[in-house]
Amino acid sequence: MSTSKTYLPKDIEDKWYSYWLEHDFFKSVPDEREPYTVVIPPPNVTGVLHMGHMLNNTIQDVLVRRARMKGKNACWVPGTDHASIATEAKVVNMLKERRISKKDLTRDEFLKYAWEWKEKYGGIILDQLKKLGASCDWERTRFTMEEGLSEAVIDTFIHLYKKGWIYRGIRMVNWDPQGKTAVSDEEVNRKEVNQKLYYIRYNLADGSGYVTIATTRPETIMADTAVCINPNDERYTHLHGKKVLIPLINREVPIILDDYVTMDFGTGCLKVTPAHDLNDYQLGQKHHLPVIDILNDDGTLNENAQILVGEDRFAARKKIAVLLEADGYLEKIEEYKSQVGFSERTDAVIEPKLSMQWFCKMDEMAKPALDYVLKGEIKLIPDKFVNTYRHWMENVHDWTISRQLWWGQQIPAWYLPDGEYVIAKTVEEALKLAKEKTQNLGLTATDLTQDPDVVDTWFSSWLWPISVFDGFKDPNNADINYYYPTNDLVTAPEILFFWVARMIMAGHEFRGEAPFKNVYLTGIVRDKLGRKMSKSLGNSPDPLELIEKYGADGVRVGMLLCSPAGNDLMFDESYCEQGRNFANKIWNAFKLVKGWEADESIAPKNAIAIEWFESRFNQSLAEIESNFAQFRLSEALMSTYKLVWDDFCAWYLEMVKPAYQQGVEKQRVDTETFKATISFFENILKILHPFMPFLTEELWHDELFGERPELDCCIVAQLPEVGKINTRLLADVELVKQVIANVRNIRNAKQIAPKEKLNLSAKVNSEVSYKYYELIITKLANIGTFNFIVEKPAGAAGFMVSTDEFYVPLELNTDPVEECARLQKEKVYLTGFLNSVNSKLGNERFMANAKPEIIEVELKKKADTEAKLKILEESLAALAC
RNA sequence: GGGAGCUUAGCUCAGCUGGUUCAGAGCAUCUGCCUUACAAGCAGAGGGUCACUGGUUCGAACCCAGUAGCUCCCA
């Protein structure tokens, strides 16, 4: 082991990661132990590691490593998501660079390229997770589009279709003209955008005047099939039953009446465009209006528009404004703010579009999925998300599951020449069904065409906790029976509905059981200024560079230090720096102890320090356990941090550390101290391991801890159990620490060097036996002689700890005036405090209502304060001031 | 428009059933130290009208109402 002055993570991280892999420490197979299962939220196969993944996977790894160290059979299943839209877009771009157009390829040719791309670039992210130390069972790595998982998707589709929960229909969908596919409501982000509101005149067909309508989308007027006014609008009664001409193309459309129209918005006249607006579509259905679709799939205008054919919708908007203006149809343009939908995947403006799509009914599945959470069978952490979850589940819409893409599971619907369809897993089965359906025995496979669309990616990831254990293919296999339901799911709140809710639905439908017990929702990683980390802002650090700079352990600690459960975290590199410094602190504490050697001939003298640290350790351990039980990871880490840095390094090691012995290679300490310290250190390594796996594993194997068999590794060490806690000792040592701090303070104030010994006199008025702690006090406060007195000495700097008095005789006499002022100030404070306590105790209603314990506390406050005041008075009298 | 949440030290956050010596932590800051493990360190210190206004209570950071600001979700 190197003895460098600082911890150098680079040398050891790869070494130990490989060691763990080679010895199958991450591997899990069912056995008699209790399982602990986590399935990774599968990152996009196209993805690269970002800060959100870092946080998410650090948390999962801490939980998994802890479970492993608690003797559970820990299984963390990794994998990736095929991410239809994102991946297909990447492949299309790759092809573009090679001057190949998707249009010129057959489906099979395209998929060949896509798989090629996936093999080459996909899954980089999983290798990156290894750098972080993720202890996934890599042999279980799954991919949502691999054969078995795709089969599960198809079976699920058929199952739900047979139940009548999947149907086909013409609906207004959210169309992404860039991805050229429908997307679900959940994949549409609404943003407020500054728009223009165009006021356009429509001439009445009979030439008797005109009406003015207001619209943000003038390019769609050619798709209008009516103008609508509110029947109660008195301004327009003269228009009832009339017709108007659409400007520029002069097509005649009726004026219809409906109280849907808001009279005070715009002009009170609404253009009705059923093909390009959801509300207009509903209005059109009600009034039996025709539907004229003037847009192509890519957002350009088609022949139905008659003018501006081939122009993009936004270019057309500008151009038509010019045309309308030129012909005198444009009355005015106003600035207007409104919500516009953007595609989550491509950020293109969503176009409402009528199309034939597949839908999955949600209402029946939502009910039981809601119950799991409301009844507490699934816990959401933090629980504030329960409300959000309920709200969504009670207002759930049917799920648009078809996507006009090739990368994904192709919908198992087969169309017959007459437009009818059958749902079947294979073309053979489809043919059989088709023959039954049509009674036409002459049908052949070539008469059937499979639906070209694929299902939404979430339609495969909602099966993830089941499908990774092959629970569809083989519903009774050993893995699924052992690992399902999983324990904890760690994910981002933004996919609570996309993914978490639907997994619960699928879990209930296909296993009759919730897929997990706890859902830990992490915050969003933001920068110091609270902005979301994003590529375009360039405010996201590269996680791998951070690991390079601060070590994986440092970064893990940094992530957790700033991640309160459920709140967004304002990430800053300085947290990683703190993590690195912590690693270094541990490294150096280790170096200190490694420089020691047990010597039988030295009499043990640190029994008190040892007993104290043992109690302190157990106290912290209890705290850490309770924090973990409540998923307060950040606080569990902080308790650990303080235990190690403050209690172990700053106090314990300083208490027991031998004075420097010159001329020896190793510093000699008594055997008892040596053994205790090593055992403490080993326990500290254990509780640190889930947070800092690499450093702890490295130190674990040092010869200081003795010879270890090959498989005796920190990663599988069993966490210590909470042992006995001597609370009296802990309380006493707190007082002892105060004595030491006060002496140090006097040193500081009087500019006395730490090396110079001081004398200390104690006038003990309480029950505390300071004699017992003499060694600790003299060592840590660097005291020459420590004696006990009954009379206050003259010319000494004094301080009080609880009701005990301490004096440090100084060569330079203390200034009596200064001392007097200090005591007076103290007296004023204590008198005020006593008054407030007395008034409380004198209050009849307090005495009548407060709990007895509280009254007791107040009485003790009173007694203590009175005792202190008495001592103060004596001191003041002695100083004659 | 509907709903949820937040506001405590310069920053990030704890503060559990209203009650433990005038509200805690980490970081940052200030002062002094290169003290034979660690300057990525050590010792010590300072820093708060618990967003605001009112109410309930013997007692409020905590409960209630209102106000302001911020965040998120849904339409």
Side-chain angles (χ1 to χ4, degrees), chain A residues 3-7 185-186 190 339 382 384-392 395 493-494 496-497 523-524 526 528 530 550 554 561-572 574-575 577-596 626-627 630 632 634-635 637-639 641-642 645-646 649-650 653-654 657 659-662 667 740-749 751-756 780-782 802 829-830 832-834 836-837 839-851 853-858 860-862 864-865 868:
Chain A
T3 46
S4 65
K5 224 173 155 182
T6 51
Y7 169 56
D185 291 342
E186 288 74 24
R190 277 168 218 282
Q339 298 280 325
K384 67 177 176 188
F385 286 107
V386 172
N387 275 334
T388 323
Y389 181 82
R390 179 173 48 208
H391 192 255
W392 190 78
N395 298 286
E494 61 233 42
L496 185 59
F497 309 124
I524 295 165
R526 298 173 179 278
K528 226 178 15 184
Y550 300 104
L561 278 175
C562 59
S563 59
N567 284 337
D568 286 359
L569 51 118
M570 311 298 159
F571 179 81
D572 187 76
S574 64
Y575 288 107
E577 204 178 320
Q578 195 182 344
R580 177 203 58 184
N581 293 354
F582 185 42
N584 196 43
K585 184 74 190 176
I586 299 160
W587 176 258
N588 276 293
F590 177 80
K591 261 178 64 190
L592 173 71
V593 179
K594 195 167 162 56
W596 296 353
S626 131
N627 283 328
Q630 298 168 75
R632 298 175 169 206
S634 191
E635 286 179 58
L637 172 59
M638 190 42 74
S639 299
Y641 180 93
K642 284 193 281 196
W645 199 307
D646 299 341
C649 294
L653 287 178
E654 291 301 327
K657 168 167 133 182
Y660 186 71
Q661 305 144 37
Q662 222 154 12
Q667 303 293 303
I740 294 163
N742 271 294
V743 175
R744 285 170 173 171
N745 222 342
I746 288 170
R747 252 182 226 287
N748 244 341
Q751 306 261 13
I752 301 166
K755 276 182 185 165
E756 198 178 318
L780 296 194
N782 196 20
S802 180
Y829 162 68
L830 284 176
F833 182 71
L834 184 61
S836 84
V837 173
S839 74
K840 226 183 218 183
L841 288 168
N843 183 333
E844 272 172 42
R845 305 179 71 173
F846 172 75
M847 297 305 282
N849 291 316
K851 280 179 264 175
E853 310 91 88
I854 302 299
I855 293 174
E856 220 168 284
V857 167
E858 292 301 317
K860 181 160 187 325
K861 280 190 205 171
K862 179 184 161 84
D864 286 357
T865 313
K868 277 191 187 183

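Chain identifiers are assigned alphabetically (A, B, ...) following the order of the sequence lines, protein sequences preceding nucleic acid strands; residue numbering begins at 1 within each chain. As the structure is a computational prediction, the values presented were derived from the model and not from experiment.
Within 4.0 Å of A:W645, counting heavy atoms only, lie sugar-phosphate atoms of the nucleic acid but no base atom. In this structure, A:A583 reaches neither bases nor backbone, as no heavy-atom distance under 4.0 Å exists between it and the strands shown. No engagement by A:Q751 is indicated, since no non-hydrogen atom pair under 4.0 Å with the nucleic acid exists. Heavy atoms of A:K642 sit under 4.0 angstrom from primed sugar atoms or phosphate atoms, though from no base atom. A:Y829 comes within 4.0 angstrom of a base, heavy atoms only. Counting any heavy atom pair closer than 4.0 Å across all strands shown, A:R744 reaches sugar-phosphate atoms only and no base atom. As judged by a 4.0 angstrom heavy-atom cut-off over every strand, A:K585 is placed among the base-contacting residues. Within 4.0 Å of A:N584, counting heavy atoms only, lies at least one base atom of the nucleic acid.
If you take atom P in B:U8 and the same atom in B:G18, they sit 22 Å apart, rounded to whole Å. When the C1' atom is used for both B:U31 and B:G47, the distance is 15 Å, rounded to whole Å.
Regarding contacts with the backbone of B:G3, every side-chain N or O of A:N387 stays at 4.0 angstrom or more from both OP1 and OP2. Remark: A:N748 is not in phosphate contact with B:U31, judged by side-chain N or O atoms under 4.0 Å from OP1 or OP2. Proximity of A:K384 to the phosphate of B:C6: no side-chain N or O atom is located under 4.0 Å from OP1 or OP2. OP1 or OP2 of B:C27 sits under 4.0 Å from a side-chain N or O of A:Y641. Phosphate contact (OP1/OP2 of B:C70, side-chain N/O of A:R526, threshold under 4.0 Å): absent.
Between the side chain of A:E654 and the base of B:A37, a donor-acceptor pair under 3.5 Å is found.
Regarding A:I586, its CD1 atom lies at a distance of 18 Å from the P atom of B:A37, rounded to whole Å.
Going from atom CD of A:Q662 over to atom CD of A:Q667 covers 9.5 Å, rounded to the nearest 0.5 Å. Atom CG in A:N843 sits 10.0 Å away from atom NZ in A:K840 (nearest 0.5 Å).
Contact annotation: the side chain of A:L780 never approaches that of A:V743 to less than 4.5 Å [non-hydrogen atoms, C-beta and beyond].
Aromatic ring orientation, A:W645 versus A:F582: parallel (interplanar angle below 30°, classes split at 30° and 60°).
When both pairing distances are held under 3.5 Å, B:G44 makes a Watson-Crick or G-U pair with B:C30.
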